[in-house]
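A quick write-up on the structure given underneath.
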Amino acid sequence: MGLLSHMEAIRTRDLELQFSGANAISSQKKKIVDYHSFSDRAALNQSAVLVPFGKRFFMRYEHGFDAASILKSVSTVDFWNGTVPQHQQWHTFSGDELEPFYQLFSDDVVQNLTHIHVKSFVILADVPIKAIMIATDAEIERDRIDDFIPNLADFIAADISNVGSIMSAPFFSGTPLLDCGSIFTISTKEAIAEVADSFCVDAEALDLLFPVILSETNNRIRKILSSTDYCFPGNEFKISIIFTQASSLDSDLLQFQLQKHFVSLFGASTSKIIVESTQS
């Protein structure tokens, strides 16, 4: 009897360890490190979280939108109070219901808009605030998104103190070895400024949204790089790309390719994207 009890105790302990381990792994899997990773895991092609500053909401976090939509997203608290009166519930708009939202997006986004899904949730920062999530995919997995929202709220609460600042470069344990590689710097400042000028964006909004556009640019570059290459944003709205093997890549060719790639992000202002080679 004593042996059976001992074996049962060991089995119970192992099950508890497995359960706690599974919970830890599950919690780690749900940890949000940036909004782009959240959108990928939530299967969202175009989504954003608008955060209030003063009496206006700004698209502080987004994934998949163009620069014009990020800049046009500035909206009033009254607009959202009237649009999403019920807290923490999903609202889906389609057809003629979409018209009030057109002011928030570029013409390109509006032309392809069939649905807008909206939900508010609370960010428990120093002062609790109401954030607005919007997604423009035709269909979304609400339960899947809701499963991540508590972790997303924690990420935003931790990040909110850095609003208006440029993201820091990721930490590398060592400098990547460039056997025959190249380093380039991409300047986005002029392209972003030109788009902003076309919409007469005020200085406060521009300070808040410049880094958001830079983040979207960096994410789009990251997606077209190989697993052995790196990109990360830095000061003066520049992005560094490290190609570990592409020794013969020319900056003019890279600039030409990136300008073509970023038409969907910057429109005609993509011609203002400048690429320079950095000697390693």
Passes side chain to side chain donor-acceptor pair (under 3.5 Å), Thr188 versus Thr217? Steps please.
CA-CA 8 Å; Thr188 65; Thr217 308; 5.4 Å; no
His115 vs Thr136, side chain to side chain donor-acceptor pair (under 3.5 Å): CA-CA, chis, key distance, verdict
CA-CA 6 Å; His115 293 77; Thr136 61; over 6 Å; no
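- The CG atom of Leu258 sits 11.0 Å away from atom CD1 of Ile274, with the distance rounded to the nearest 0.5 Å.
- Smallest separation of non-hydrogen atoms from His117 and Ala138: NE2-O, 3.4 Å.
- In this structure, the side chain of Glu62 engages the main chain of Phe65 through a donor-acceptor pair within 3.5 Å.
- Using a 4.5 Å cut-off on side-chain heavy atoms (C-beta onward), Ile242 and Phe184 make no contact.
- In this structure, CG on Leu71 lies 7.5 Å from CZ on Phe199, to the nearest 0.5 angstrom.
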What's the verdict on side-chain contact (heavy atoms from CB on, under 4.5 Å) for Leu113 and Ile116, showing C-alpha distance, side-chain angles and the deciding distance?
CA-CA 8 Å; Leu113 200 60; Ile116 292 180; 3.7 Å; yes
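- Summarising the geometry of Val122 relative to Pro128, their closest heavy-atom pair is CG1-CB, 4.2 Å, with the distance given to 0.1 Å.
- Here the side chain of Glu216 pairs a donor or acceptor atom with the backbone of Gly64 at under 3.5 angstrom.
- A 4.5 Å side-chain heavy-atom check between Phe105 and Gln46 finds every atom pair outside the cut-off.
- The cluster map of Ile, Leu, Val, Met, Phe, Trp and Tyr, joined by side-chain heavy atoms under 4.5 Å apart, puts Phe79 and Tyr102 in the same cluster.
- Taking Glu204 as the reference, Arg56 meet the side chain to side chain donor-acceptor pair (under 3.5 Å) condition, with sequence neighbours excluded.
- Formation of a donor-acceptor pair under 3.5 Å by the Ser198 side chain with backbone atoms of Val195 is found in this model.
- In this structure, Ser47 contributes its side chain and Leu44 its backbone to no donor-acceptor pair below 3.5 Å.
- Between the side chain of Asp229 and the backbone N or O of Thr244, at least one donor-acceptor pair lies under 3.5 Å.
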Show the numbers, then the answer: is there a side-chain contact (heavy atoms from CB on, under 4.5 Å) between Asp154 and Ile32?
CA-CA 8 Å; Asp154 289 342; Ile32 307 299; over 6 Å; no
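- The shortest distance between side-chain heavy atoms of Arg142 and Ile140 falls below 4.5 Å.
- By the 4.5 Å heavy-atom criterion applied to side chains, Phe57 and Thr76 are not counted as neighbours.
- Taking each heavy atom of Gly234 and Leu214 in turn, the nearest pair found is O-CD2, 4.3 Å.
- Taking the side chain as every heavy atom from C-beta outward, Lys130 and Asn81 approach each other to under 4.5 Å.
- Listed here is the closest heavy atom pair of Ser251 and Ser277: CB-N, 4.0 Å.
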Under the side-chain contact (heavy atoms from CB on, under 4.5 Å) rule, what do Ser75 and Leu104 come out as? Steps first, then yes or no, please.
CA-CA 8 Å; Ser75 45; Leu104 306 178; 3.8 Å; yes
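- More than 12 heavy atoms of other residues, nucleotides or ligands shown are found within 6.0 angstrom of CD on Gln89.
- Residues in residues 255-267 take part in these side-chain hydrogen bond (donor to acceptor under 3.5 Å, both in side chains) pairs, two or more places apart or across chains: Arg220-Ser264.
- The side-chain contact (heavy atoms from CB on, under 4.5 Å) check on Asp250 picks up Asp252, Leu253, with sequence neighbours excluded.
- A distance of 13.5 Å separates CD1 of Ile273 from NZ of Lys189, quoted to the nearest 0.5 Å.
- In this structure, CD in Glu190 is found 9.5 Å from CG in Asp197, a value given to the nearest 0.5 Å.
- Classified by interplanar angle (parallel below 30°, tilted 30° to 60°, perpendicular above 60°), the ring pair Tyr35/Tyr61 is tilted.
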Can you list the steps and then say if Ser37 with Asp40 is a side chain to side chain donor-acceptor pair (under 3.5 Å)?
CA-CA 5 Å; Ser37 66; Asp40 288 338; over 6 Å; no
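- Checked by atom type and distance alone, the side chain of Asp137 pairs as donor or acceptor with a backbone atom of Asn45 at under 3.5 Å.
- A side-chain N or O of Ser69 and one of Asp66 form a donor-acceptor pair less than 3.5 Å apart.
- Heavy-atom minimum distance, Ile70 versus Leu209: O-CD1, 3.3 Å.
- Within a 6.0 Å radius of CG in Asp143, other residues, nucleotides and ligands contribute 12 heavy atoms or fewer.
- Contact annotation: the side chain of Phe38 never approaches that of His63 to less than 4.5 Å [non-hydrogen atoms, C-beta and beyond].
- Ring geometry for Trp80 versus Phe101: interplanar angle of 30 to 60°, hence tilted.
- The minimum heavy-atom distance between Ile123 and Ala153, with the atom names listed, is CD1-CA, 3.8 Å.
- Residues that satisfy the ring-ring contact (aromatic ring centres under 6.0 Å, His included) test with Phe121, not counting sequence neighbours, are absent from this structure.
- Under the 4.5 Å side-chain contact rule for hydrophobic residues, Ile239 and Ile224 share a cluster.
- Looking at heavy atoms from C-beta onward, Val118 lies in side-chain contact with Ile132 at the 4.5 angstrom threshold.
- At a threshold of 4.0 Å, the pair Asp159-Arg60 counts as salt-bridged, since one of the basic side-chain nitrogens sits closer than that to a carboxylate oxygen.
- One finds the CD atom of Glu276 at 13.5 Å from the CD1 atom of Ile183 (value rounded to the nearest 0.5 Å).
- The salt bridge (charged side-chain N to carboxylate O under 4.0 Å, His left out) contacts involving residues 108-123 comprise Lys119-Asp146, where partners must be two or more places apart or lie in separate chains.
- Cluster annotation: Val263 is not connected to Leu254 through the hydrophobic network of ILVMFWY side chains, with a link wherever side-chain heavy atoms come within less than 4.5 Å.
- Contacts of Ser120 classified as side chain to side chain donor-acceptor pair (under 3.5 Å), with partners at least two apart in sequence or in another chain: His87.
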Stepwise side-chain contact (heavy atoms from CB on, under 4.5 Å) test for Phe53 and Val51:
CA-CA 7 Å; Phe53 297 99; Val51 179; 4.0 Å; yes
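- Taking 4.5 Å as the limit, some side-chain heavy atom of Phe243 sits within range of a side-chain heavy atom of Leu225.
- Note that the CG atom of Leu206 and the CD1 atom of Ile192 stand 8.5 Å from one another [nearest 0.5 Å].
- A single hydrophobic cluster is seen to contain both Val74 and Val77, as judged by linkage of ILVMFWY side chains at heavy-atom distances under 4.5 Å, directly or through other members.
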